[in-house]
Amino acid sequence: MNITFISAPAAGKGLLSSMLNEKYGFPHISIGDLLRGVDDEKIKKQLEKGEFVDNEIIAKLLKERLSKSDCKYGFILDGFPRNMSQISIYEDICEKANEKDNVIIVLDISREIGEKRILGRRICLNCGNVYNDLFVSSKSKVPGICDHCGHKLIQRADDNLETYDARYDTYLKETKPIIDYFEAKGKVYHVDGSLPSDEAFREIEKIIGGYNDQY
Ligand code: AMP
């Protein structure tokens, strides 16, 4: 089974993908993470500003990643497709994997909650744990230090208000039409992205539970 998450920034795609990966074993393919791993000044600047990276680069990175053996039985796509021009690349990927089901999940979130999540987000680069200084329930016990491994927490370079606003506007202009496109084909499931992650996860399990035989 292939699961594709499409959403506004900070709706929880990354976290829910990791949770699915942990429980079901499908590899979590985050386009943002693949791009952050590329040593290229132009790409770094685009990421910092929240601008879309060229389709040729995205297609190449995806092709390389999807050809690995761990993707044979399915994968989770986080952050792709993100604009209408990427739909043909996406449909090509789905066609190649046509023996598996493709499930598109849209995580819905308001601009205001997304903003709080972005501005408060703190990440541990050592163990991957994510915290949020603006939500009491998600703060680290000691400010700036990971509860789990004790390493210093960082703030992503693109987690600032200016970049968030640009990314949210880009989402409305570029990504929302993709949702409408797949919606018209009747292929989209919606989950409330503002729910606590364990509740959103349960909602997703209900959706993919319908495909249980395919795991
Ligand atoms: P994310 O980690 O999903 O929040 O993505 C971080 C950044 O990576 C985005 O703000 C874009 O600059 C870039 N990016 C992620 N996915 C795509 C995509 N499908 N096409 C182009 N650029 C992307």
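For ligands, and for the atoms within them, numbers begin at 1 and follow the listed sequence. Numbering of residues begins at 1 and proceeds along the displayed sequence. The structure displayed is predicted, hence computed values, not measured ones.
Within 4.0 Å of ligand 1, the residues that place a heavy atom are K13, I31, G32, L35, R36, Q46, L47, G50, E51, F52, V53, I58, G79, F80, R82, Q86, R156, R167, listed by chain and number.
For the 3.5 Å distance criterion, the side chains of E205 and Y24 qualify, holding a donor opposite an acceptor.
With side-chain heavy atoms closer than 4.5 Å counting as contact, directly or through intermediates, F135 stands alone and belongs to no larger hydrophobic cluster. Grouping Ile, Leu, Val, Met, Phe, Trp and Tyr by side-chain contacts under 4.5 Å, direct or through others, puts Y131 with L153.
Using a 4.0 Å cut-off between charged side-chain N and carboxylate O, R111 and D169 make a salt bridge. Note on D70 versus R65: salt bridge recorded, some NZ/NE/NH1/NH2 to OD/OE distance being below 4.0 Å.
Listed by chain and number, the residues in a side chain to side chain contact (heavy atoms under 4.5 Å, CB included) with K141 are D147 (sequence neighbours excluded).
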